[in-house]
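See structure below.
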Amino acid sequence: MTAWAQSLIRLTNYEVETLQKRMAEIAARRADAELKLVMLDAEAEGEKAQASADPQHASLLRAYLNGWKLRRAEAEGMVAALQREEEGARDALTAAFEELKKFEHVAEVAKINARIAANKRESASFDEMGLRRRSGH
């Protein structure tokens, strides 16, 4: 394999690895954001249960739920943004894999062509030696 092909493959492998790490980081952030949504919902259910048992708490529930809706909307927005970021990173990773496969294919074809050319040179050399022997040289 030629040096340029090795360099391209090495660079593309590095890009693939970097994008895989980025995907993992995004997935972890998305999981955290989704966990925050679950926790917000559980917290709201707890507040509602407390409000049904305590009339003083019930009077504050509406204000709490208004704030909860804002925090939940913010968390949902974060999850949606992270899903879009993950899709973009996945598309970039797919493109990098395709590019890597193209470079590997080109390198393999170059290797095969070099082998064919070497075989042709060797065959021509043998033919020339055979002709010399026949002619008596």
Side-chain angles (χ1 to χ4, degrees):
M1 189 179 322
T2 62
W4 62 266
Q6 287 175 338
S7 294
L8 283 174
I9 290 170
R10 203 173 315 119
L11 285 170
T12 308
N13 268 324
Y14 176 76
E15 181 181 4
V16 166
E17 290 170 7
T18 301
L19 288 168
Q20 286 172 329
K21 288 176 187 174
R22 181 173 169 224
M23 283 284 300
E25 290 168 1
I26 295 168
R29 289 191 344 242
R30 185 174 49 84
D32 288 345
E34 288 171 345
L35 180 60
K36 183 177 181 178
L37 277 173
V38 170
M39 291 178 72
L40 280 170
D41 289 344
E43 183 181 288
E45 288 304 313
E47 291 294 325
K48 289 176 186 176
Q50 236 180 341
S52 66
D54 180 6
Q56 186 179 8
H57 199 81
S59 66
L60 302 174
L61 182 63
R62 183 172 306 274
Y64 168 80
L65 288 177
N66 287 336
W68 172 82
K69 286 177 187 176
L70 293 174
R71 289 182 297 170
R72 190 166 201 302
E74 182 181 321
E76 285 175 332
M78 180 58 76
V79 168
L82 288 167
Q83 285 172 335
R84 287 189 302 273
E85 186 178 351
E86 190 173 22
E87 287 172 13
R90 188 177 301 112
D91 291 344
L93 181 59
T94 300
F97 268 126
E98 289 172 358
E99 191 173 328
L100 175 62
K101 293 303 168 196
K102 286 178 190 176
F103 290 149
E104 288 174 340
H105 177 73
V106 167
E108 186 62 28
V109 168
K111 190 171 151 183
I112 291 169
N113 287 340
R115 194 175 317 130
I116 290 170
N119 288 343
K120 284 182 181 179
R121 285 190 302 273
E122 184 180 5
S123 180
S125 176
F126 286 141
D127 289 347
E128 185 179 327
M129 284 179 9
L131 287 174
R132 284 185 188 162
R133 283 189 181 160
R134 271 194 203 154
S135 65
H137 289 115

Rounded at 0.5 Å granularity, tell me how far CZ in F126 sits from CG in L131. 13.5 Å

Correct closest heavy-atom pair for S52 and A49 would be OG-O, 2.7 Å

List the atom of H57, the atom of A51, and the distance in Å for their closest heavy-atom pair. CD2-N, 3.5 Å

Taking only residues two or more places apart in sequence or in another chain, which ones pass side chain to side chain donor-acceptor pair (under 3.5 Å) with R84? none

Which residues pass the side chain to side chain donor-acceptor pair (under 3.5 Å) test with E17, not counting sequence neighbours? none

Which residues satisfy the salt bridge (Lys or Arg N to Asp or Glu O under 4.0 Å) test with R10, sequence neighbours excluded? none

Applying salt bridge (Lys or Arg N to Asp or Glu O under 4.0 Å), name anything that partners E34, two or more places apart in sequence or on another chain. R30

Listing, residues 64-71 side-chain donor-acceptor contacts under 3.5 Å, not counting sequence neighbours, or none:
residue	atom	partner	partner atom	Å
Y64	OH	E43	OE2	2.7
N66	ND2	R62	O	3.4
W68	NE1	L40	O	2.9
R71	NH2	E43	OE2	3.4

Within a radius of less than 6.0 Å around CE of M78, do more than 12 heavy atoms belonging to other residues, nucleotides or ligands occur? no

Only counting residues at least two apart or in another chain, list the ones meeting side chain to side chain contact (heavy atoms under 4.5 Å, CB included) with L37. R72, A75, E76, V79

For E45, the side chain to side chain contact (heavy atoms under 4.5 Å, CB included) test, sequence neighbours excluded, returns K48

Step by step, work out the side chain to side chain contact (heavy atoms under 4.5 Å, CB included) result for R22 and E85. CA-CA 10 Å; R22 181 173 169 224; E85 186 178 351; 4.0 Å; yes

For residues 93-109, which side-chain N or O atoms pair as donor and acceptor with protein atoms under 3.5 Å away, sequence neighbours left out?
residue	atom	partner	partner atom	Å
T94	OG1	R90	O	2.9
K101	NZ	E104	OE1	3.2

Verify the cluster assignment for M23 and L82: are they in a single hydrophobic cluster under the rule of side-chain heavy atoms below 4.5 Å apart? no

Residues joined to L35 in its hydrophobic cluster, side chain to side chain under 4.5 Å directly or through other members, sorted by chain and number, are M39

List, by chain and then residue number, the residues other than L60 in its hydrophobic cluster (Ile/Leu/Val/Met/Phe/Trp/Tyr, side-chain heavy atoms under 4.5 Å); write none if there are no others. none

Only pairs at least two apart or in different chains count here, so list each side chain to side chain donor-acceptor pair (under 3.5 Å) that has a residue in residues 113-122. none

Check N13, T12, L11 against I9 for a side chain to side chain contact (heavy atoms under 4.5 Å, CB included) and give me the one that passes. N13

When you look at R29 and E25, which way does the salt bridge (Lys or Arg N to Asp or Glu O under 4.0 Å) test go after all the steps? CA-CA 6 Å; R29 289 191 344 242; E25 290 168 1; 5.4 Å; no

